[in-house]
There are 2 protein chains.
Amino acid sequence: MNIGIASEKSGLPSNTIRYYEDIGLLSPARTDNGYRDYSMADVHRLRFLQRSRSLGFSVDECRELLSLYHDKERESADVKAIAQARLIEIDRKIAELVGLRGLLHHLVEHCHGDERPDCPIIDELAGDGMVQ
Amino acid sequence: MNIGIASEKSGLPSNTIRYYEDIGLLSPARTDNGYRDYSMADVHRLRFLQRSRSLGFSVDECRELLSLYHDKERESADVKAIAQARLIEIDRKIAELVGLRGLLHHLVEHCHGDERPDCPIIDELAGDGMVQ
DNA sequence: GTTGACCTTCCATCAACCGGAAGCCTTAAC
DNA sequence: GTTAAGGCTTCCGGTTGATGGAAGGTCAAC
């Protein structure tokens, strides 16, 4: 099938699919006219990629997960390790954002937000604020 | 003062300071030998940028905040609007990550993580998992 | 005079694509 | 028969916010 159909079936834009081929994540057949020709296995692979990416795995992690997926000798511990690393990363990011949110919320709360120039947010950014 | 000192005083790497100049966020004087020559006002500006960036404002938002900072006629409402937009964005991002975390945590919990190939994480990515 | 630290500009690279240009292929309508 | 539309191809530049390196100029110390 052509790339447009593979795009529909996988939920990935054509450009992204070509990009994934570029970086070696799949290599579909070609028809006589030079068009990429996707099999159901290719589409399955693309959906695997789409799901992995949407869970926030990096492209390199996806590459690794794909190879584990096709490795019948794999140990589930290897897969779990990748997922756990991702989980730790997510927790770190959440903690960072929650901290930021606290600071910013505090500033926003204390800014009257009217036509006067006086503003604690700007004061904070300028270094003579109340936070710390 | 030279860029190295400005870097120390602002907490920004020299390369980043040059980059900020490139994109028009500041324009320090030059000495006869062509070296950048930073005033205390420049350093203040750099610290403003460092603080804004560390609160997660984009470079363009920083540009806007800087111009509001120097605008004595500014309305605090304008500053507040930028900060609130950033806050909404942070909340959106946190919600997204918390959702992801839930999914991933669920999968990790159900993976025994030993030497056997059987793995619900891979099953999920392959499309025959338990989530949904 | 030479070593070493610092400075300059310019360029390449990173992630993970996105969008556009120029051109070929196929099909259907007129 | 041709022409228009839509889909496909490759290639290239842009995005964000820097970061690191090469090649070379400057300056102070020894």
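Note that this is a predicted model, so its numbers are computed, not measured. First the proteins, then the strands, lettered A, B, ... as listed; each starts at 1.
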Check: What does A:Ile23 touch in the nucleic acid at a heavy-atom separation under 4.0 angstrom: a base, only the sugar-phosphate, or nothing?
Finding: nothing

Note to self: So that I can tick it off, tell me whether B:Asp60 and B:Arg63 are bridged by a salt bridge, with the cut-off set at under 4.0 angstrom between side-chain N and carboxylate O.
What the structure shows: yes

Item checked: B:Ser76 and A:His112, any side-chain heavy atoms less than 4.5 Å apart -> yes

Polar atom pairs between nucleotides 25-29 of chain D and protein, under 3.5 Å, N or O only, would you list them?
| from | atom 1 | to | atom 2 | distance (Å) |
| --- | --- | --- | --- | --- |
| D:dG25 | N2 | B:Tyr35 | OH | 2.8 |
| D:dT26 | O4' | B:Tyr35 | OH | 3.3 |
| D:dC27 | OP1 | B:Asn33 | ND2 | 3.0 |

Next item on the list: For residues A:Thr31 and A:Arg36, determine if any side-chain heavy atom of one lies less than 4.5 Å from a side-chain heavy atom of the other.
Entry: no

Check: Would you call B:Glu89 and B:Lys93 a salt bridge, taking side-chain N to carboxylate O under 4.0 Å as the test?
Finding: no

Margin query: Show me the pairs that pass ring-ring contact (aromatic ring centres under 6.0 Å, His included) and involve residues 12-37 of chain A, at least two apart or across chains.
Written below: none

Nucleotides 10-19 of chain D: which of its N/O atoms have a protein N/O under 3.5 Å away?
| from | atom 1 | to | atom 2 | distance (Å) |
| --- | --- | --- | --- | --- |
| D:dT10 | OP1 | A:Arg30 | NH1 | 3.2 |
| D:dT10 | OP1 | A:Arg30 | NH2 | 3.2 |
| D:dT10 | OP2 | A:Arg36 | NH1 | 2.9 |
| D:dT10 | OP2 | A:Arg36 | NH2 | 2.7 |
| D:dG17 | O3' | B:Arg53 | NH2 | 3.4 |
| D:dA18 | OP2 | B:Tyr20 | OH | 2.7 |
| D:dA18 | OP2 | B:Arg53 | NE | 2.5 |
| D:dA18 | OP2 | B:Arg53 | NH2 | 3.3 |
| D:dT19 | OP2 | B:Thr16 | OG1 | 2.6 |

Checklist line | B:Arg30/B:Glu21 ion pair, N-O < 4.0 Å | finding: yes

Checklist line | First-last contacting nucleotides on DNA chain C - partner chain A, under 4.0 angstrom, heavy atom | finding: C:dA16 to C:dT26

Margin query: Could you go through B:Asp78 and B:Glu75, starting from their C-alpha distance and side-chain angles, then the distance that decides it, and tell me whether this counts as side chain to side chain contact (heavy atoms under 4.5 Å, CB included)?
Written below: CA-CA 6 Å; B:Asp78 293 339; B:Glu75 302 187 0; 4.1 Å; yes

Margin query: I'd like to know if A:Arg116 pairs up with A:Asp118 as an ion pair, taking the criterion as any Lys NZ or Arg NE/NH1/NH2 lying under 4.0 Å from an Asp or Glu carboxylate oxygen.
Written below: no

Checklist line | Common cluster, B:Ile5/B:Met40, ILVMFWY with side-chain heavy-atom separation under 4.5 Å | finding: yes

Margin query: Do A:Ile90 and A:Ile94 make a side-chain contact, defined as non-hydrogen atoms from C-beta onward lying under 4.5 Å apart?
Written below: yes

Notebook entry, point to check: Would you say the side chain of A:Leu25 lies within less than 4.5 Å of the side chain of A:Phe48, judging by non-hydrogen atoms?
Noted result: no

Next item on the list: Sequence neighbours left out, what passes side chain to side chain contact (heavy atoms under 4.5 Å, CB included) with A:Asp22? Give chain and number order.
Entry: none

Notebook entry, point to check: Tell me, which of residues 85-94 of chain B have any heavy atom that sits under 4.0 Å from an atom in DNA chain C?
Noted result: none

